[in-house]
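Excluded from the calculations below are hydrogen atoms, water molecules and symmetry mates; all remaining heavy atoms, backbone and side chain alike, are included. Here is the naming used below: chain letters follow the sequence lines, and residue numbers restart at 1 for every chain.
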Amino acid sequence: MSSLTTSMAQHLIKSVKVFLRFCRRQDDMEKDDPLWQPLTGAAERSFSAVEDLKSENETRISPKIIAQPTRGLVDEKIYIRVSNLIPNKKFTLRCLLQSEDKDLWHAYGHYISDDIGVVNVAEDVCLGGSYTGKEPNGLIWSLKPVPGSRPALRLRKQNVFIPFLLNISVHNGHINDDFKDACSLALTVMERWYIAPGVSRIEVRENGIHGTLFLPPGTGPFPGLLDLWGGGGGLVEYRSALLASHGYATLALEYLSSKTDFSKIGEKYFEAAFGYLESHPQVSREHVGIFGLCFGASVTLSVAANENKINPKCLVCVSGTHVIRIGESIDKAFADLKLNEKNTRLDENNHVIWRELVLPIPTDSNKKVNLGNLKCPLLLIAGDDDQNWPTPESAEDIEKMMKEAGNGHLLTKIIYPKAGHLIEPPYSPHIRFSNFVDLHTRKKVIALWGGEAKEHAFAQEDSWKKILDFLDLHLYSSNTVLS
Amino acid sequence: MDEPFQLEVACLPPHCPVTLRSTLCSEGNDLWESFSHYVSDERGRVNVSKDDSLGGSYIGCEPMGLLWSLRLAVGGRQNIRLRKKNMQTPLVVDISLFDGHTIDNFNTQTALAMTTMERWYMAPGVRRIEVRENGVVGTLFIPPGPGPFPALLDVWGLAGFMEHRAALLASRGYACLALAYINHPELQLGSGMGISYFQESWKLLQSVPQVSADRLGLLGSCFGAAIFILMASELPDISPRCLVAINSPSGLLNPGEGNYLEKLQRLLPETKLDANGHFMIKDAILAFGIDLERSLQAGGIQCPVLLIVGEDDQCVPSLESAQKLEAQMRAVGKGHLVTKLSYPEAGHLIEPPYHPVMRSSSFILPGQTVTLLWGGVGKPHAAAQEDSWRRILEFLDKHL
């Protein structure tokens with residue numbers, strides 16, 4: 001057993017990870033744990049519950065909903081179990097939440113209680129509603145605006161310090177969409193957070209950088225991540241807060257807004273943001289990566305492949321294309337796109353499909369980011385039903401490019417069947433299309449993102465796991481000292 | 001608060017000695033801390049749920065040790081119980097990691113890593129209502145949803161009014177009225193209310209619209225439990241579906257007239273002190289010569305009873321009382337109603353799981369503050385808290 005002196009420890013141990021998990025999963029719990037399963041006594045009681053309703057002497061008792069975790073991060077699985085129901089009857093489980101914009105979103109599933117009056121969402125088959133089949137997390141990823149809502153909405157968190165409050169209720173019978181007159185038999189509440197306790201939020205307004213830094217609890221040093229969203233612009237914080245909750249000092253960077261002068265935003269801006277992270281006292285300089293989605297992925301590829309400028313340890317690119325290059329200014333990238341404007345398509349609902357703006361993928365390597373220059377691992381994620389950018393085609397081309405350049409071993413490529421463009425953290429409701437303001441033209445359109453709900457939900461869940469493993473491998477584990 | 005957690009450390013060098021330290025700042029601004037020594041495995045990992053602590057506040061494999069072994073930090077106030085008054089905010093516990101096996105001076109060292117967790121007594125959606133009606137003083141916690149819910153009256157001992165267990169029970173699906181009956185500024189009789197007050201509280205709980213009026217239970221600790229046993233046994237209008245009594249000193253005093261603190265005061269001169277100068281009330285009670293046969297008429301209880309006993313209870317003769325009660329009920333053919341759970345080396349303060357274990361603490365009486373010896377030894381007491389809670393929830397689930 002070796003022991004390290006304090007100074008050696010400080011030198012060698014850069015980023016140690018301490019993490020907590022709560023024992024809420026069924027397989028973690030004892031089989032007879034009262035928090036999860038009924039006792040055999042309950043079976044007798046449930047049968048007598050049937051008698052209760054028939055007799056006039058005993059009063060009815062409310063069904064019991066156990067929904068775990070009562071307070072958790074948005075990427076944690078949920079476990080919902082209803083007991084004290086009348087056995088072998090039809091029930092509807094419903095999840096209702098109100099967004100910060102005051103819109104109501106809901107999801108519901110049709111179930112039949114078993115012989116002891118229990119519905120267990122993780123194990124039972126949903127017979128209809130917002131989703132079907134055995135879907136433990138269906139009540140959250142299938143959330144949609146309630147009937148009568150404003151059209152083309154997207155559910156996004158603005159203030160990460162307020163959780164989403166999910167109201168889980170159970171109703172008699174199989175109800176379809178209209179819950180106005182349906183009284184709930186029982187109700188419980190779950191909080192879903194994008195930020196873990198102890199994570200701090202710091203506004204960053206220096207060196208021309210406009211962003212928000214989220215730091216895990218403790219002094220660090222932590223691995224860092226530059227977090228870039230897409231063409232919708234603005235300062236989107238929730239994914240950064242979530243990544244910080246997993247141990248990464250994450251900078252959510254705003255680079256597109258209605259007030260942005262696009263001629264002034266270019267690779268220097270992103271390099272400055274990256275440099276800010278590298279030189280932050282609580283960030284481990286050699287362990288900074290970049291996470292980009294959509295346009296942000298194009299930015300990521302562009303700045304990383306720009307030799308000798310910045311040195312990210314690893315890259316995560318979701319739903320992006322390398323055909324859009326960001327050089328001195330974003331203006332040029334937008335100008336290039338505008339040249340192909342005629343390739344904008346509309347679907348049968350007049351939703352805008354932009355993917356053909358950059359098709360066909362050019363064979364001329366000067367017209368795309370040269371990924372042969374990449375020196376760090378790249379995790380590339382796309383959905384094959386992406387209607388916004390041709391990300392699967394780009395991914396194939398990137399793979400070809402890197403293999404030919406001899407750095408193919410750095411690439412991990414995952415293309416999810418029937419997943420769309422907006423591959424968000426797990427259990428975010430699938431959005432096939434939504435309102436979009438084109439920042440360049442200032443036009444309001446409805447953009448088609450693509451994807452089929454169930455497969456898209458799977459892509460979000462699976463890709464997030466793979467992303468966290470990838471980041472852990474390259475930003476945490478790779479720095480352990482083997483004695 | 002009653003949920004276990006898993007704590008893991010990764011990315012250490014292999015076979016590296018480290019110290020995990022938990023700290024908590026209570027509402028009274030006292031610092032509580034606990035620490036334990038581990039050695040990382042060949043992959044550089046420590047898993048508190050599976051690995052053994054080699055020293056510190058606890059030894060061996062203790063997944064929740066960093067909570068129940070919390071003690072008041074040296075240099076601050078001592079001898080005070082951990083009490084949370086505000087149910088709507090969590091207890092925040094910081095867990096830090098230090099290099100090597102340290103035992104003190106943590107503040108002068110830099111932690112290698114840290115994480116924070118929140119421990120809540122109240123689940124989201126639970127409603128908290130302050131009750132001041134018909135002279136009844138307490139706090140009602142109602143689970144979310146339309147109900148109706150089974151309900152519980154919850155009382156503690158002579159220490160006074162506490163809400164945390166009621167909040168936790170409501171988070172587990174029971175409408176729970178935490179009842180104040182002693183030591184509360186809004187009570188008519190600060191030194192203890194009489195039996196009619198409890199009858200009033202029972203009626204009040206039954207009348208709450210979200211409560212299923214014929215599914216009421218009684219859950220009490222210490223002296224409050226003794227009062228409940230008497231109520232269930234002798235009052236015909238009180239018919240609980242079940243009763244839980246934790247370390248009850250049944251047969252101590254006649255609750256009819258109230259004023260328990262004054263009566264306790266009179267007991268103290270008879271009380272022996274232990275080696276540390278702490279009052280061992282139990283012997284005084286026994287010495288007082290309470291006739292358990294006479295005063296406890298448990299034969300009248302009609303419902304299932306769960307008795308929880310800490311065998312090392314130095315405050316009240318919990319084991320003796322429980323044995324007497326069980327014998328009395330057997331004598332009238334109701335022995336099958338009694339379940340007795342007896343925990344060796346557990347003391348008087350059997351709290352919900354993972355609560356810091358305290359062998360003694362200060363206790364305020366009119367005119368003087370003494371240190372009472374509660375009894376109980378670290379790990380067995382913590383295990384008793386965990387197991388008894390599980391059994392209590394099963395019992396309540398079965399009968400309510």
Q: Would you mind reporting whether Trp202(B) and Leu216(B) have side-chain heavy atoms less than 4.5 Å apart?
A: yes
Q) If you tally heavy-atom pairs under 4.5 Å against chain A, which of Gly44(B), Pro124(B), Pro63(B) wins? A) Pro124(B)
I'd like a table of donor-acceptor pairs (distance under 3.5 Å, sequence neighbours excluded) in which one partner is a side-chain atom from residues 17-24 of chain B, with atom names and distances.
| from | atom 1 | to | atom 2 | distance (Å) |
| --- | --- | --- | --- | --- |
| Thr19(B) | OG1 | Gly100(B) | O | 2.5 |
| Thr19(B) | OG1 | Thr102(B) | N | 2.9 |
| Arg21(B) | NE | Glu33(B) | OE1 | 2.9 |
| Arg21(B) | NH2 | Glu33(B) | OE1 | 2.5 |
| Ser22(B) | OG | Leu66(B) | O | 2.7 |

Q: Output the option from Leu187(A), Ile65(A), Thr219(A) having the highest count of non-hydrogen pairs under 4.5 Å with chain B.
A: Leu187(A)
Q: For the residue pair Trp32(B) and Val93(B), establish whether any side-chain heavy-atom pair is separated by less than 4.5 Å.
A: no
Q: Check whether Ala123(B) gets within reach of chain A through its side chain, its backbone, both or neither, counting any heavy atom under 4.5 Å.
A: both
Q. Taking the six-membered ring for Trp, are Tyr248(A) and Tyr476(A) parallel (under 30°), tilted (30 to 60°) or perpendicular (over 60°)?
A. perpendicular
Q | Closest-packed option against chain A by number of heavy-atom pairs under 4.5 Å, given Ala111(B), Gly145(B), Gly125(B), Pro143(B) | A | Gly145(B)
(Q) Out of Ser184(A), Pro163(A), Ala196(A), Pro216(A), return the one with the most heavy atom pairs under 4.5 angstrom to chain B. (A) Ser184(A)
Q) Applying salt bridge (Lys or Arg N to Asp or Glu O under 4.0 Å), which residue pairs with at least one partner in residues 141-151 of chain B are found, sequence neighbours left out? A) none
